[in-house]
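Working notes for the structure below.
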Amino acid sequence: MFCSLPSALLDAFSIDSLELTRPWAAALLLLPLVLLLLSLRRLERRTVLLGTARFFSGLAGGGGRSSSRRLTASRVLAALALAAATGAAVGPAPRQRDVSEIEWLVVVDRSPSMYLTTGAGSGRSRLAASLLAARALLEEAGPASSRVRFVDGSSPGAAVGAAAPVQAAPPAELLERPVDSLPEPSWGAFDRAGVLWVTDRVPSTLPSAAGWVASGGEAVPGPVGWGAKGALLWDGPGSEPRLDPTLRPLAWIGGELDPVIASFARAWASDRGVALVEDRADASELVVEGAGPLPRRVADRSGGRDGWWVRYATDAGESPGSGRPWWVANGEGPRRDLITRVSGRVTVAPLRLDGDPAPAEAFAVSMAALLDGALDAPRWVVPLSERERAGPTGRRAPELPATTTAELDLARGERERGERVATAALALVAAVLAAAAALARARESGRRHA
Amino acid sequence: MTAAWRGARSDAGASSLPSPGVSIGPALVRRFGAFAARLSAAREREEVGRRRALQGEGEEFVGHRPYRMGDDLRHLDWTLLARRGDRPFVRVHRSSSSERWLMALDASASMGVGRPGKLQSAAEAAGAAMALGLRLGNSIALLAPANGAEEIVELRRTSDLQRGLDALRAMVAGASTQSSWVGAGAAQGESSPGSLDRGLDGAGRVLLFSDFLDVDPRWVSTLAGGRRRVHLGQVFAGEEWDPSAASAEGAVWVDPEHPEERWSADAAGSSRYLARLAEFVEGWARLARDHRMTHAVWTSGKEFEDHLPELLR
């Protein structure tokens with residue numbers, strides 16, 4: 001988040017990012033120029049009658065040039081100080097834009113609690129409620145022509161959708177609950193003017209420049225975990241989670257599956273506490289499916305993985321659907337994926353095993369890992385910390401962006417900081433040079449009067 | 001060696017000097033009178049019987065007073081002591097003969113330096129000394145320019161003071177009409193004495209006002225002798241003590257008596273210059289001590305009341 005001084009200076013002096021708030025002050029540059037020109041002018045030294053002048057005879061400087069230049073160190077430093085001070089006086093600042101171009105940046109919390117309801121009997125999710133509140137707040141805080149862009153704060157830096165009017169509905173993908181459990185955003189990274197945080201509870205550390213909207217919400221009882229014997233059910237504040245054996249993940253195993261694979265999948269489901277459903281559409285957590293009819297040809301190939309080996313037969317068709325290949329056929333010809341995997345689904349190509357894979361233990365461990373990885377976490381399981389009460393609603397409007405345009409990328413914030421550093425550096429340089437000039441002047445004066 | 005008691009070398013010319021002339025106005029004359037009255041009154045209060053600084057040895061007996069520690073035992077009246085036997089008395093005299101003072105001012109070009117000029121300061125000191133001397137009953141011989149040469153102006157009564165002041169007013173530093181008024185010839189080994197030498201006859205005191213830059217110390221040492229007292233008033237301009245103050249950006253220093261020679265100096269050179277000047281002044285102070293002369297140094301901006309009593313002590 002922090003930028004080095006040299007890069008900040010370079011960024012700050014990019015012409016298109018700066019404008020001069022007091023351009024007339026550039027006329028002050030004449031002062032150091034005049035000072036230097038006057039100092040370079042060769043001046044006739046003053047002739048002073050001195051009855052005792054003979055005592056200078058033979059001393060350093062004797063012979064007496066009648067002219068001299070007065071470009072002393074103190075004058076050079078003073079000129080540099082004036083130039084630097086002029087640089088600061090012209091007021092380099094981030095270029096201002098039309099106020100009608102205000103663009104808010106809305107950072108959305110997509111942690112699991114945001115997809116719970118705000119309270120008993122409420123059908124609205126905390127996310128939907130907070131987004132509605134955010135829209136109302138931004139309509140009050142800026143002109144009607146303001147635009148807004150959304151960022152998935154739980155996936156840092158990920159913009160969601162294009163800039164849209166404040167009144168427009170938020171992107172639909174924000175409202176969909178992520179498959180994985182995402183963390184709460186790192187709010188500190190988004191604390192700057194023009195940014196609004198959208199969450200369900202009042203931030204533990206309030207922002208200094210950003211605004212925030214909290215939907216609030218009551219505790220939402222429900223499953224907070226699951227295992228082979230069932231799910232852990234939380235009944236609400238003051239209660240301890242209890243085991244509910246009826247709540248299980250749902251899987252469907254079907255299609256034209258090799259009997260060895262199908263029997264192993266069923267054994268795995270039984271061991272893991274996964275319930276098998278008859279209807280494929282009811283399988284919310286896993287589908288294990290054979291992609292086509294079993295080949296009738298003689299097993300003419302052999303292969304395996306994870307230490308097991310088996311002879312098998314397959315056809316020359318296409319690889320079964322999309323997904324990450326888990327087992328790929330050996331031999332000549334085009335690549336043939338035998339088993340692929342995506343989240344919540346395992347697809348098996350037309351495949352017939354010739355006998356049991358050996359060694360059987362290696363096969364069991366390998367297949368169990370495949371199915372464990374493919375099984376989705378049950379959507380109805382939400383961690384206890386997320387189900388607890390979110391507190392009251394709350395909101396605070398963000399500061400108007402310094403540039404009147406909220407930058408979408410975090411680099412913009414760094415550039416603004418760099419510009420401030422550059423101006424401060426100019427002023428600091430001027431102060432140091434002025435102090436050095438005063439010191440040099442004092443030393444010269446001291447030598448003359450020594 | 002240069003002239004012993006040199007007169008003006010008018011190389012710089014009076015017109016180019018910052019302060020070539022002498023101005024003595026009524027206010028200054030009043031200060032002379034007040035100064036003379038104050039010092040002469042102090043002298044009158046001095047105990048008779050001691051050697052008096054500015055008056056000849058008294059000869060007229062006026063009475064007795066009790067002896068005090070420090071009184072000259074030669075003035076103790078032994079006869080009276082023998083007759084009374086209880087306590088000693090000294091004889092009190094009043095001077096019955098005046099003393100002749102010879103005064104000379106350096107009017108060379110270097111005396112035209114400074115604001116006020118060194119010659120002006122020297123003339124003020126001389127004028128005050130002149131008023132004091134006349135008030136004390138002494139006669140004054142002032143070496144002054146006249147008719148393109150120099151002559152000795154004799155002043156015998158207080159009413160002559162104005163004439164002496166006129167002679168001072170006529171002085172111009174570096175003026176071509178002012179040739180050497182002192183023993184240039186004597187310094188160069190010639191037999192004819194300078195004008196100052198001629199005035200030495202019968203002088204009980206000699207007062208010289210100058211910067212003593214081209215004066216031969218050996219010649220000055222010959223002025224003291226017998227009962228004659230010599231007073232050396234040495235004056236410098238302020239910028240001669242602090243040349244850098246005259247020009248902050250550096251300057252070219254020019255000797256008004258040798259304008260073809262120019263000097264400049266850096267900080268170290270200026271420091272060495274001051275050391276040389278201090279050494280020069282100390283040389284004259286040493287000479288004065290060795291020959292029982294009085295010596296006072298002052299800056300031309302100072303009032304004569306500050307330094308003249310020291311010179312005339």
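Keep in mind that what you see is a predicted model, and the values were worked out from it rather than measured. Naming: A, B, ... by sequence-line order, numbering from 1 per chain.
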**OP:** Could you look at B/E261 and say if it's the side chain, the backbone, both or neither that has a heavy atom under 4.5 Å from chain A?
**Re:** neither

Subject >> B/E239 side-chain N/O to A/L50 backbone N/O, donor-acceptor pair under 3.5 Å >> reply: no

Subject >> Rounded distance [0.5 Å steps], OG1 in A/T52 versus CH2 in B/W241 >> reply: 8.5 Å

**OP:** Determine yes or no for a side-chain-to-main-chain donor-acceptor pair under 3.5 angstrom, with A/R54 supplying the side chain and B/H258 the backbone.
**Re:** no

Original post:
Are more than 12 heavy atoms from other residues, nucleotides or ligands located less than 6.0 Å from atom CD of B/E279?
Top reply: no

**OP:** Indicate the atoms forming the closest heavy-atom contact of B/S110 with A/G51, along with that distance.
**Re:** CB-CA, 3.9 Å

Subject >> Nearest heavy atoms of A/F56 and B/S270, plus distance in Å >> reply: CE2-CA, 4.2 Å

Original post:
Which heavy atom of A/A53 sits nearest a heavy atom of B/V254, and at what distance?
Top reply: CB-C, 3.9 Å

